There are 2 protein chains.
Amino acid sequence: MGKGKRTRVTLRQVAQEAGTSASTASRALAGNGYVAEAIKARVVAAADRLGYVPDVSARSLKGRSSGLVGLVVSDLRNQFYAALAAGVEGSLAAAGHQMVLVDDHGSDAQALEGARAFLAMRAAGVLLAPVGRAATELLVEHGTPVVEVDRRSGARGCDAVTIDSERGARDAVAHLLELGHRRIAMVLDETMWDTGRNRLKGYRAAHRDAGVPLSRRLVLDLGLRPADPGADVAAFLDANPGVTAVFAANNVVAEAVWQELKRRGSAVPRDCSVISFDDLGWMRIVEPGLTAVRQPVYDMGRQAADLLLARIAGERGRAQTLTLQPEFVRRGSTCAPGGTARTAHPSPPGGGAARGVGSDVSA
Amino acid sequence: MGKGKRTRVTLRQVAQEAGTSASTASRALAGNGYVAEAIKARVVAAADRLGYVPDVSARSLKGRSSGLVGLVVSDLRNQFYAALAAGVEGSLAAAGHQMVLVDDHGSDAQALEGARAFLAMRAAGVLLAPVGRAATELLVEHGTPVVEVDRRSGARGCDAVTIDSERGARDAVAHLLELGHRRIAMVLDETMWDTGRNRLKGYRAAHRDAGVPLSRRLVLDLGLRPADPGADVAAFLDANPGVTAVFAANNVVAEAVWQELKRRGSAVPRDCSVISFDDLGWMRIVEPGLTAVRQPVYDMGRQAADLLLARIAGERGRAQTLTLQPEFVRRGSTCAPGGTARTAHPSPPGGGAARGVGSDVSA
DNA sequence: CTGTTAGCGCCTTCAA
DNA sequence: TTGAAGGCGCTAACAG
């Protein structure tokens with residue numbers, strides 16, 4: 001530290017400064033092999049004095065990989081993915097790894113580009129919320145450990161951590177059915193990923209369980225990045241005046257639904273009950289609070305990273321899928337149709353009843 | 001593509017497959033130097049066939065730096081930082097760079113650790129929301145281009161992109177004063193960074209401008225990561241019953257204030273007006289909508305990244321500070337004290353009056 | 001315990 | 001237009 005340097009300090013220079021050879025200096029700094037205490041101290045002091053920073057490029061050129069771990073998400077501005085990334089980062093940082101973050105904006109091509117970049121940088125491993133199987137397959141083929149998060153692409157040879165979408169959706173819709181709703185709409189923005197598909201499955205399963213007939217008309221798929229989701233929801237509600245409750249498949253959809261209901265002056269839950277899959281901060285803040293299926297997002301990130309770290313550390317064995325259970329949180333946005341026999345408290349401070357907490361492993 | 005490979009494909013292997021030398025293959029793939037078209041095609045085909053991926057470690061060992069760019073933020077779960085990161089990523093990805101994201105959790109030590117990691121990976125440049133000057137100084141000293149975002153540490157030798165906190169705060173508080181408020185509280189969670197400090201300055205300046213006396217009692221500093229911000233706000237409000245308006249210094253504080261007001265049954269804005277510095281999605285969703293100082297966060301990330309890219313590309317010249325102007329958005333959470341002469345519409349769909357849009361550069 | 005030797009994969013002179 | 005040679009910074013053998 002002191003004078004600004006133009007040339008990076010190399011190990012050789014440190015060794016010279018300490019009056020020893022490069023290999024000894026290497027051993028002293030890395031802590032491998034035998035080095036006399038005295039020399040070691042001299043080397044460390046010299047490194048310190050010169051502001052030495054080891055070059056990971058050189059290091060990973062020798063060894064196997066850089067310490068970098070890639071993460072691909074579909075929309076960093078979506079709190080869901082931000083929380084996921086935060087969880088991943090926390091776990092990786094604790095293990096001394098760096099996280100390279102790529103936003104694929106839901107595009108298969110961009111995910112693949114990201115994967116290629118990870119390959120090029122010899123990433124130690126990659127976590128991704130898949131948008132297709134190409135990226136995963138490319139990485140696996142090259143021997144890079146991969147853990148899929150949130151969704152599964154169907155590619156083989158990688159671990160995964162997901163949330164039980166079907167169960168979460170089934171519980172939510174069952175709640176509405178129990179309250180007496182018979183015309184329950186489901187709004188989603190994609191069915192090409194297993195998250196959307198499984199939530200739809202859960203919606204259907206709940207109906208079957210209750211012996212309530214299904215109608216295709218009650219399912220609205222906005223598609224990813226709808227131009228004007230509010231308008232689509234509006235048109236849908238106009239076309240289906242009998243709807244007394246809406247199940248929104250994720251936080252983005254939930255926001256669109258909520259805003260449209262507010263815009264048209266519908267009273268929630270009296271005129272229409274609402275449940276969101278995914279529980280964000282604002283859902284606790286609005287009045288009434290939104291009944292929601294909470295996903296342990298941050299934790300999912302952490303656990304996925306841990307799984308990956310284990311693979312990086314050399315753990316063998318079959319690919320595992322960790323399925324996390326969501327938690328049903330009842331707030332004020334759901335009640336019996338027409339507002340009769342309202343059992344929900346307006347907005348309980350603490351949240352609501354927990355259900356299905358925990359997680360289980362399946363091969 | 002095809003058979004899973006255990007050993008990474010090297011340039012030499014590609015060359016061999018194409019029946020040429022490594023140097024020629026290098027030129028063919030990199031596009032440097034002269035290569036016969038026929039040979040070039042053969043090499044490209046071979047590379048493709050073998051699934052060749054260049055090794056950036058080797059490449060950056062030769063050259064100067066890896067194509068990696070570091071970003072340090074203080075809390076990825078905070079939507080503000082997530083949006084910032086998204087902006088940065090967008091710009092970097094477009095330029096073919098990868099973003100390495102580090103969350104320092106507001107800790108100087110962790111930021112420094114991140115900086116060291118960036119140095120070790122020979123990052124092409126680094127963007128950071130500084131928590132101290134140590135990280136910036138270390139990087140600058142080693143010749144790594146740095147752009148500070150959102151805040152400035154005071155370290156020299158780096159560019160910066162910030163938002164005019166003082167002006168944003170002054171405008172907001174002036175609005176409250178114009179409405180007739182005289183006991184306006186300001187709640188913040190830090191004054192060690194220039195964001196908090198400057199917002200406080202703006203708060204004071206507005207009072208001075210209006211000739212309204214200031215009282216230290218009206219400023220509540222919760223401190224970063226308060227154990228129970230709600231309780232602190234509650235105690236503060238109890239101790240200052242005369243307060244008719246609250247100016248919250250950022251989205252975290254705004255949420256705490258909002259929740260506490262709701263908890264105690266205060267009617268906003270009749271009993272208490274509220275303004276937030278930083279405009280998040282939920283502030284548009286709640287009833288009434290929150291009057292807010294909107295920051296062009298995503299854009300700040302983009303612009304900061306662009307500035308850094310220019311430096312990486314070799315742009316010389318003095319360090320620049322780009323100051324972005326916030327936009328005052330009036331919604332329903334502000335009115336005259338006591339709810340008299342209420343001029344605000346309950347919750348205008350589009351937002352409110354814009355003010356101070358644009359940006360300017362200063363050396 | 002320490003120094004010498006030999007590359008990791010790539011790119012960049014330099015000759016041919 | 002192409003190939004051979006050398007070296008980026010580091011570390012893992014191998015002597016000494």
Side-chain angles (χ1 to χ4, degrees), chain A residues 5-44 46-47 50-68 116 119-124 142-143, chain B residues 5-44 46-47 50-67 116-117 119-124 142-143:
Chain A
K5 26 209 78 104
R6 288 291 78 190
T7 326
R8 317 211 87 124
V9 178
T10 82
L11 186 59
R12 237 202 244 337
Q13 293 172 50
V14 173
Q16 191 161 19
E17 172 89 4
T20 181
S21 76
S23 3
T24 302
S26 170
R27 284 186 286 252
L29 293 173
N32 299 344
Y34 304 102
V35 189
E37 276 308 320
I39 304 243
K40 179 167 180 173
R42 276 222 311 270
V43 172
V44 171
L50 267 43
Y52 171 70
V53 180
D55 189 317
V56 291
S57 303
R59 190 173 287 173
S60 53
L61 186 55
K62 270 255 86 175
R64 203 110 222 75
S65 90
S66 64
L68 300 171
R116 247 186 290 267
L119 240 30
M121 67 181 73
R122 300 310 191 231
H142 282 256
Chain B
K5 26 207 79 104
R6 289 291 77 193
T7 325
R8 317 211 85 123
V9 179
T10 83
L11 186 58
R12 234 200 246 339
Q13 293 172 50
V14 173
Q16 191 161 19
E17 173 89 5
T20 179
S21 77
S23 359
T24 302
S26 170
R27 284 188 285 254
L29 294 173
N32 298 342
Y34 304 102
V35 188
E37 276 309 320
I39 303 246
K40 179 166 179 173
R42 276 223 311 272
V43 172
V44 171
L50 266 44
Y52 171 69
V53 180
D55 189 319
V56 289
S57 302
R59 191 173 284 173
S60 55
L61 187 55
K62 273 256 84 175
R64 204 110 222 74
S65 89
S66 64
R116 246 187 290 265
L119 240 30
M121 66 182 73
R122 299 315 190 228
H142 282 257

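First the proteins, then the strands, lettered A, B, ... as listed; each starts at 1. Just so it is clear, the model here is predicted, and its values are computed rather than measured.
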Quiz item: Side chain of A:L61: nearest nucleotide among C:dC11, C:dG9, D:dG3?
Solution: C:dG9
Self-check item: Proximal nucleotide (of D:dT11, C:dT12, C:dG3) relative to the A:T20 side chain
Solution: C:dG3
Practice problem: Determine the sole option in B:T24, B:L11, B:V35 for which the side chain to side chain contact (heavy atoms under 4.5 Å, CB included) test with B:L29 is passed. | Solution: B:L11
Quiz item: To the nearest angstrom, how far is A:L50 atom CG from D:dG9 atom P?
Solution: 14 Å
Quiz prompt | Under-4.0 Å side-chain N/O to phosphate OP1/OP2 contact, A:S21 with C:dG3 | solution = yes
Exercise. Report the distance from atom OH of B:Y52 to atom C1' of C:dG9, rounded to the nearest whole Å.
Key: 7 Å
Quiz item: Heavy-atom count around B:Q16 CD within 6.0 Å, excluding the residue itself: above 12?
Solution: no
Exercise. Rounded to the nearest angstrom, tell me the gap between atom CE in A:M121 and atom P in C:dC10.
Key: 16 Å
Self-check item: Per A:Y34 side chain, nearest of listed nucleotides C:dT4, C:dT2, D:dC10
Solution: C:dT2
Exercise. Check the distance between C:dC10's P and B:R122's CZ and give it to me in whole angstrom.
Key: 20 Å
Quiz item: A:K62 has a side chain; which of D:dT2, D:dG9, C:dG3 sits nearest to it?
Solution: D:dG9
Quiz item: Between atom CZ in A:R12 and atom P in D:dC8, what is the gap in whole Å?
Solution: 7 Å
Practice problem: Take B:V35 and B:A58, find for each the nucleotide of DNA chain D with the closest heavy atom, and name the residue whose nucleotide sits nearer the 5' end. | Solution: B:V35
Quiz item: So does B:R27 reach the base of D:dG3 with its side chain, donor to acceptor, closer than 3.5 Å?
Solution: yes
Quiz item: Under 4.0 angstrom, heavy atoms only, what part of the nucleic acid is B:L11 near: base, sugar-phosphate, or nothing?
Solution: sugar-phosphate
Quiz prompt | Expected output: side-chain B:S66 to main-chain B:S60 donor-acceptor under 3.5 Å | solution = no
Quiz item: Which nucleotide sits closest to the side chain of A:A36: C:dC1, C:dT12, C:dG3?
Solution: C:dC1
Quiz item: Nearest heavy-atom pair of B:R12 and B:A22: which atoms, and what distance?
Solution: NH1-CB, 4.0 Å
Practice problem: Would you classify A:S23 as touching base, sugar-phosphate or nothing, given that sugar-phosphate means primed atoms plus P, OP1 and OP2, and contacts are heavy atoms under 4.0 Å? | Solution: base
Quiz item: How long is the line joining CZ of A:R59 and C1' of D:dC8, in whole Å?
Solution: 16 Å
Self-check item: Rounded distance (Å) that lies between atom P of C:dT12 and atom CG of B:L29
Solution: 13 Å
Self-check item: A:R27 and A:V43, any side-chain heavy atoms less than 4.5 Å apart
Solution: no
